[in-house]
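To start, the structure under review is shown below, and the notes come after it.
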2 protein chains.
Amino acid sequence: MQLNQATDYAFRAVLHLASLPAGAVVSARELAEAQAIPPRFVLKIMHALTRAGLVESRRGPAGGFGLARPAAEISLLDVIEALEGPVAIHRCLAEREACNKHCTSECPVHAALRGLQDGLVAGLRRATFASLVAKKP
Amino acid sequence: MQLNQATDYAFRAVLHLASLPAGAVVSARELAEAQAIPPRFVLKIMHALTRAGLVESRRGPAGGFGLARPAAEISLLDVIEALEGPVAIHRCLAEREACNKHCTSECPVHAALRGLQDGLVAGLRRATFASLVAKKP
DNA sequence: CTAAATCTATACTATTCCAGTATAGTACTG
DNA sequence: CAGTACTATACTGGAATAGTATAGATTTAG
């Protein structure tokens, strides 16, 4: 019931990029140092963010990473889904199939959890990095 | 970012007990059969619920398990905490110490996540088994 | 009083997932 | 064309998950 370490690193990395002047890029090494992310691991994380279309990369000397779209259009949910796939606080809310093996679709527990999950997801979607950067000291 | 299997079984077990006439008990074996829980595993789950004070047990022939208090006073949150400990959607919202190693307490991401977690926890606390049983078909 | 039923408590295990490392390869710049 | 930096994937040790197993304690019935 917890976001994993890679996702936490990704939050920090995207927040870092969102704090940059538009168009600027940061290399993996700089990112790793600035955000205390293991230097090899940061490559894997940025790879996931790039594939998800949240981040753009430039190769070669003076290459690095920058946001692929405005920080106002990148939410915590986007980053979580890039690293972990769809948010699901319960198995049965992820894979419908797995659920029906053991419990009916009328199960009131799952209905309640679905409502709570929807609220959580909506909140994660509402939290954009533009709004988060604005709150930074 | 997902409740585990044992917690799901526990939801079903408590829902089952909450559907019983007051004072009735169900044996582990019956519970396992009725709710499709592995028969040995159900013992472990009921053990956790008993230790948490949600369920009472009676030993010997005709023994079994029943709710330790009214279903209106047992929430989804109670069951989750009995099986998994405190709810935390993010490491840093669980162990304050671990957080400060890598990020300052001013981190806007964590502030946002804390707000969302509080909402989720409040919802889980509000969902009592009395209200869930009432919704059953 | 004893045997059977039932829970208690803990140890054990196989598999999967996590966090991180390693490396071979591709692209860009000067 | 040499060096820098990202791309993509394979690998690994350790922890967590999902169960299983078992020795023991308690209660009831006969």
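Protein chains get the first letters and strands the later ones, always in sequence-line order, with residue 1 at the start of each.
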B:Leu67 side chain near B:Phe129 side chain, heavy-atom distance below 4.5 Å: no

Note, B:His16 side chain near B:Val26 side chain (heavy atom, < 4.5 Å): yes

Closest-nucleotide 5' rank along DNA chain D - winner of A:His47 and A:Gly60: A:Gly60

Nearest-angstrom distance from the residue atom CG of A:Asn4 to C1' of C:dA19: 9 Å

Atom-pair distance (CD on B:Gln5; P on C:dA14), nearest Å: 21 Å

Plane angle bin for B:Phe11 and A:His90 - parallel if under 30°, tilted between 30 and 60°, otherwise perpendicular: parallel

Spacing between B:Asp8 atom CG and D:dG19 atom C1', to the nearest angstrom: 15 Å

C:dG20 OP1/OP2 closer than 4.0 Å to side-chain N/O of A:Tyr9: yes

Among D:dA5, C:dA11, C:dT8, the one nearest B:Phe65 by side-chain distance: C:dT8

Residue closer to the 5' end of DNA chain D, A:Pro61 versus A:Ala28 (nearest nucleotide): A:Pro61

For atom CD of A:Glu56 and atom P of C:dA27, their distance in whole Å: 17 Å

Atom pair distance, as rounded to whole Å: CG in B:Leu49 and C1' in C:dT8: 14 Å

Nearest-angstrom distance from the residue atom CZ of A:Phe41 to C1' of D:dT9: 15 Å

B:Arg58 CZ - D:dT28 P separation (whole Å): 8 Å

N or O in side chain of B:Arg29 less than 4.0 angstrom from C:dT6 OP1/OP2: yes

Over all atoms of both residues, closest heavy-atom pair of A:Arg69 and A:Leu54: NH2-CD2, 3.6 Å

Short side-chain N/O contact from B:Arg91 to OP1 or OP2 of C:dA19, under 4.0 Å: yes

N/O (side chain, A:Ser57) to phosphate O (OP1/OP2, D:dT7) under 4.0 Å: yes

B:Thr7 side chain reached by B:Ile45 side chain, heavy atoms, under 4.5 Å: no

Closest listed nucleotide, where the reference is the side chain of B:Pro38 and the choices are D:dT17, C:dC7, D:dG19: D:dG19

Whole angstrom value for the distance that separates C1' of D:dA5 from CG of A:Leu43: 9 Å

N/O (side chain, B:Arg59) to phosphate O (OP1/OP2, C:dA5) under 4.0 Å: no

